[in-house]
**Student:** 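Provided herewith is a single structure, encoded as structure tokens, for subsequent inquiry.
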Amino acid sequence: MAESNLPKGYEPWDVEKKWLDHWEENKTFTPDPEADGDPYSIVIPPPNVTGVLHMGHALNITLQDILCRYQRQQGKNVLWVPGTDHAGIATQNVVERQLKTEGKTRDDLGRDKFIERVWEWKEEKGGHILKQIRRMGASVDWDRECFTFDEDRAKAVRKVFVQLYEEGLIYKGNYIINWCNRCHTALADDEVEHSPKPGHFYNLKYKLSDGSGDLTIATTRPETMLGDTAICVNPEDGRYKHLIGKTAILPIVGRELPIIGDSYVDMEFGTGALKVTPAHDMNDWELGRKHNLEVLSVFDEDGNINENGPEKYQGMYKDDLRKVIVEDLKAEGALISIDDHEHSVGECYRCKSTIEPHVSEQWFVAMKPLAEKARAAVPSETKIFPNNWEKVYYEWLDNIRDWCISRQIWWGHRIPAWTCEECGELIVSTEDPTKCTKCSSSKLVQEEDVLDTWFSSALWPFSTMGWPEETPELARYYPTSVLITGFDILFFWVARMMMMGIHFQDQIPFHHVYIHALVRDEHGKKMSKSTGNVIDPLEMSDKYGTDALRFTLTSFAAMGRDIKLSEQRIDGYRNFVNKIWNSARFALMNLDGKKPETSLGDASGLANEWILHRLEEVKDTMREAVEAYRFNEVAQTMYKFIWNEFCDWYLEMIKPDLYSDDASRKDATLKVLWTVLSETMVLLHPVMPFVTQEIWSVLPGIENGDIATVAFPEKRDNCRNEKAIKDMELFQGLVSAVRNIRTELIIAPSKKLELIVRTANDQSAALINDNIELFKALARLDNVTAGPEAEGPSASGTAVVQGNELFVPLAGAVDFESELARLDKEFAKLDKDLVMIEKKLANKGFVSNAPAAVVEKEKARLEEINDKKAKLTELKDRLVSVME
RNA sequence: GGGCGGAUAGCUCAGUUGGGAGAGCAUCGGCCUUACAAGCCGAGGGUCACAGGUUCGAGCCCUGUUCCGCCUACCA
């Protein structure tokens, strides 16, 4: 055997770097839109430019890469677009924090300088995550890298904004929005995180204006009383309904408040009477609109009391004010009691400050008309996998509210709207206007606000293709084939891309949406820095190799289930990578630098016929599983085939051939070995790009050295061989039976045994006699005899496999009691099965109603077990007689 | 409150038209058998959460219950 110059263990580090550079230098993954092949395209869910790769990304990238590499093998023209998201608030926060260390604020710099500074940061540090994505082996086209805030994307944003405005779908209006006092910006509903917080219920006494009594109101936020403009009760409530139409006096302030009735009020909750503060509570805002209540805003944008509040409170911060108000209420005798009460509090998803409902002028997109089409397109044009997410998607679209798209920050697409200072005309335009369209004044002031980041993300599937230009990419690759993403952004992003895609391209943005799981820690907890349970993908990559990490994630990616990741599992699959490596080493040593020229048709023998048949089945399964997004099945199929079949059985079985003097026999087997190994590498390549490429590069006789561009192995129907499967099953059964006898009777592996088989039929006899050498090698035997009349000594370890009686003659030193115990264990198993089958067959309903094939199968099983039991009983009796 | 998902071996999970309960890891026993000790061989281990129902037959389909997780919502 020749020496292999490959290292004994797989060392991923240099290998990965080598091939990443190779692919990038050769532009392996840069497709030509004019080239042949059906298009297959994916746009990457753009990670935040401030982001650091976490397991969710790693999973997301791995799955997309499997699809892209697989589709290239199928001859598709594949485009995978990479890019990042400018992440307005997050990025601005990062740079503001940086400024703070220099003792500066963004206001010190001013808008233009600040934005310049953010760009500097972006060029220097931003997009680091793309390098990490590269590291995962992502076969993206780096030539088409995009950024949601680059020039081309800005063109798309402006065009969309202007068109929607002209269509009346974008409007400006007063509305109550979620306001972050710290970030100084509006937040969309889904950017607010709700969590329960301990708080208090303050029971307050409001006197009726007519002096006829008072009523008690429960509130969790007494300080908002300064903005109260009504009191509301349920008109069905016997306690209060006579009060509707009267007025009550607001404590401290003295304002008269109308008492209104609305079924919204829950009679069971609190005191059944509710104070209404339209300017500082979402629900009160709705109530206020319904009942035409005055909207009195008493907090400014920092959360301090403004000029609408009593003079003595002005300038106070809301949290401080609460204490003062409570004292003042107490002094006035209006505070009845304070109870503990847990309630839900909204927090800014970026800075965790408490969100304050706030009335202000904002820009909105009317969603209803867009949502209807997006809803109708699923599942007819866009299919969601797994499809239970369809329901969630519908639910959201059916209850959609208008989308507040303005944000009061600097980093982002500035709203393309200008107000004329002379005549007040509002100009919305794709190009910066120089003079007013109405009065020709040049005194134009652009809106200060920028757009919600998701506005530009929503255009991603077509903005990345170069729209609004009519590019070849857009024509060829839109709509994209599939979107792979987590469910957490189904609303933020997926639904909005659907709406925008349909509206602006008249076509859905993707044919499929695959929603993958969330990656949690091994106990099912969300990974977070504060909990300290984060498993870092880059660290895992360093430690175990990227292929092992990718394979682990793939094997966990069962549809619709969260992933509980543990490092131990990655370690396990690292062993698998190494196993592959060593099997390749073994093959390469034997191939000795040459690709066998023999025809595959010359290959014969149980091992060769069997493995070639199994290879065909694996090809089928791989195709089906990848195309149905059953990633875990992809991983499982390859694992089982490579380790449990190719390594454990095939490689062991061909050793006699490889060490044989018969050159033609050896060559025929080497040809099969070469074929199975090379095709297996191609099949596995989408999941493990690196180790497969490395092995590929040292396989002799390879024409195309870049495995990423090699076609999926063709079907080889003439290699399908059902007989080989059956024969192999018997072979494995016989070998396992001997091994079991050996181990259970504690016979040293080094001791060669003898095997005598009294065969049940001609086929079995032929199989054994044709493969004597294999039996000797696999079961460690030095002599094998088989035939219908064969007879072993009574003092034998025995077994029955498919009706064949096995005798392993035992030397005197062997413990016969152990053999008896072993047989008894076997009897127990048989009896258990027997009872079940007999019961089944005794059931008249089963025999008459079950399909004939099922009944026949059961009968055959019964017969086989009975046969086996009878034979084993006889063998046991013989053994017992010897012992006596 | 509404919705969704989960409950299968000690642990993590597969189980695709309902027809003999599986894998990996862990455990136990034996092995340096010339690709691999990151390995090889063998073994033990499960009332498929609980209670009903449909069916000849249920881990799988239907109903209810319990526990866990997530999403969502206007309980001041």
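Scope of the values below: all heavy atoms of this structure, side chains included, with no hydrogens, waters or symmetry mates. Below, chains carry the letters A, B, ... as their sequence lines are ordered, and counting in each starts from 1. Bear in mind that the values here come from a model prediction, so they are computed numbers and not experimental data.
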**Student:** When you compare B/C50 with B/C4, how far apart are their P atoms, in angstrom units rounded to a whole number?
**Tutor:**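 That atom pair is separated by 23 Å.
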**Student:** Nearest of B/C36, B/C4, B/G42 to any side-chain atom of A/Lys391?
**Tutor:**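 Nearest to the side-chain atoms of A/Lys391, counting from C-beta on, is B/C4.
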**Student:** With respect to the side chain of A/Thr219, which nucleotide from B/G20, B/A76, B/G42 is positioned closest?
**Tutor:**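 Of B/G20, B/A76, B/G42, B/A76 is nearest to the side chain of A/Thr219.
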**Student:** Measuring from the side chain of A/Arg780 (C-beta onward, heavy atoms only), which nucleotide among B/U33, B/G3, B/A35 has the closest atom?
**Tutor:**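 Of B/U33, B/G3, B/A35, B/U33 is nearest to the side chain of A/Arg780.
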**Student:** Any idea which of B/A14, B/A76, B/G24 is nearest the A/Tyr639 side chain?
**Tutor:**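 Out of B/A14, B/A76, B/G24, the nucleotide with an atom closest to A/Tyr639's side chain is B/G24.
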**Student:** If I pick the C1' atom on B/A43 and the same atom on B/A7, what distance separates them, to the nearest angstrom?
**Tutor:**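 Rounded to whole Å, the distance is 29 Å.
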**Student:** Measuring only the P atom in each nucleotide, how far is B/C62 from B/C25? A whole number of Å is fine.
**Tutor:**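 Here B/C62 and B/C25 have their P atoms 35 Å from each other.
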**Student:** When the P atoms of B/A73 and B/U55 are considered, how many whole Å apart are they?
**Tutor:**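 Those two atoms are separated by 43 Å.
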**Student:** Are A/Phe631 and A/Phe556 close enough that their ring centers fall under 6.0 Å?
**Tutor:**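 So the answer is no for these two rings.
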**Student:** Looking only at N and O atoms, is any donor in the side chain of A/Glu652 or the base of B/A35 less than 3.5 Å from an acceptor on the other one?
**Tutor:**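 Present.
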**Student:** Between B/G20, B/A14, B/A35, which one does the side chain of A/Lys857 approach most closely?
**Tutor:**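 For the A/Lys857 side chain, the nearest candidate turns out to be B/G20.
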**Student:** Counting only side-chain heavy atoms from C-beta out, which of B/G20, B/A35, B/G42 sits nearest to A/Lys579?
**Tutor:**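 The listed nucleotide nearest to A/Lys579's side chain is B/A35.
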**Student:** Looking at B/G19, B/A43, B/C25, which one has an atom nearest to any side-chain atom of A/Asn740?
**Tutor:**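 Selected nucleotide: B/A43.
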**Student:** Could you please name the partner base of B/G42, counting Watson-Crick and G-U wobble pairs only when both distances are under 3.5 Å?
**Tutor:**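 Answer to the pairing question: B/C28, which forms a Watson-Crick or G-U pair with B/G42.
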**Student:** Does A/Glu744 pair with A/Arg822 as a salt bridge, N-O distance under 4.0 Å?
**Tutor:**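 Answer for the salt bridge query: no.
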**Student:** Give a yes or no on whether a donor-acceptor pair under 3.5 Å exists between the nucleobase atoms of B/G42, that is its base, and the side chain of A/Arg739.
**Tutor:**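 Check fails, no donor-acceptor contact within cut-off.
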**Student:** Look at A/Lys869 together with A/Asp831 and state whether they make a salt bridge at an N to O cut-off of under 4.0 Å.
**Tutor:**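 Judged by the 4.0 Å cut-off on N to carboxylate O distance, A/Lys869 and A/Asp831 do form a salt bridge.
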**Student:** Please determine if A/Glu858 and A/Arg861 form a salt bridge, counting it only when a charged side-chain N lies under 4.0 Å from a carboxylate O.
**Tutor:**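 Looking at A/Glu858 and A/Arg861, the cut-off is met.
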**Student:** Using the P atoms only, state how far B/G1 lies from B/G64, rounded to an integer number of Å.
**Tutor:**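 It works out to 16 Å between them.
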**Student:** Among B/C25, B/C56, B/U16, which nucleotide has an atom closest to any side-chain atom of A/Arg630?
**Tutor:**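 For the A/Arg630 side chain, the nearest candidate turns out to be B/U16.
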**Student:** Is A/Lys655 close enough and on-axis enough to A/Phe586, meaning under 6.0 Å and within 45°, for cation-pi?
**Tutor:**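 Yes; both conditions hold, so A/Lys655 lies above the ring face of A/Phe586.
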**Student:** Heavy atoms from C-beta onward define the side chain here; which of B/C36, B/C41, B/C25 lies closest to that of A/Asp648?
**Tutor:**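 Between B/C36, B/C41, B/C25, the one nearest the side chain of A/Asp648 would be B/C41.
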**Student:** Write down the partner of B/U54 under the Watson-Crick or G-U wobble criteria, each distance required to be under 3.5 Å.
**Tutor:**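 Pair assignment: B/U54 / none.
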**Student:** Around atom CD of A/Glu863, are there more than 12 heavy atoms from other residues, nucleotides or ligands closer than 6.0 Å?
**Tutor:**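 Atom CD in A/Glu863 is not packed in, count stays at 12 or less.
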**Student:** For B/G5, what is the paired nucleotide under Watson-Crick or G-U wobble rules, both distances under 3.5 Å?
**Tutor:**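 Pair assignment: B/G5 / B/C68.
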**Student:** Does a distance-only test, which skips hydrogens and angles, find a donor-acceptor pair under 3.5 Å between the side chain of A/Lys8 and the base of B/C36?
**Tutor:**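 A donor-acceptor contact between them is absent.
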**Student:** So, OP1 or OP2 of B/U33: does either fall under 4.0 Å of a side-chain N or O from A/Lys751?
**Tutor:**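 Looking at the OP1 and OP2 atoms of B/U33, neither is under 4.0 Å from any side-chain N or O of A/Lys751.
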**Student:** Rounding to an integer number of Å, can you tell me how far A/Gln636 CD sits from B/G15 P?
**Tutor:**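 After rounding, the gap between these two atoms is 9 Å.
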**Student:** What distance, rounded to whole Å, do you find between the two C1' atoms, one in B/G46 and one in B/U8?
**Tutor:**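 Approximately 7 Å lies between the C1' atom of B/G46 and that of B/U8.
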**Student:** Between B/U72 atom C1' and A/Phe487 atom CZ, what is the distance in whole Å?
**Tutor:**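 The answer, rounded to whole Å, is 12 Å.
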**Student:** What's the closest nucleotide to the A/Lys825 side chain, out of B/A35, B/G19, B/A43?
**Tutor:**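 Looking only at heavy atoms from C-beta outward on A/Lys825, the closest nucleotide is B/A43.
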**Student:** What interatomic distance, in whole Å, is found between C1' of B/G10 and the corresponding atom of B/G5?
**Tutor:**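 Roughly 25 Å separates the two C1' atoms.
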**Student:** Are more than 12 heavy atoms, taken from residues, nucleotides or ligands other than A/Glu627, located less than 6.0 Å from that residue's CD atom?
**Tutor:**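 Atom CD in A/Glu627 is crowded, with more than 12 foreign heavy atoms closer than 6.0 Å.
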**Student:** Using atom P in both nucleotides, what's the gap between B/C28 and B/A14 to the nearest angstrom?
**Tutor:**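 So the two P atoms sit 27 Å from each other.
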**Student:** To the nearest angstrom, how far is A/Asp833 atom CG from B/G20 atom P?
**Tutor:**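 In whole Å, B/G20 P lies 11 Å from A/Asp833 CG.
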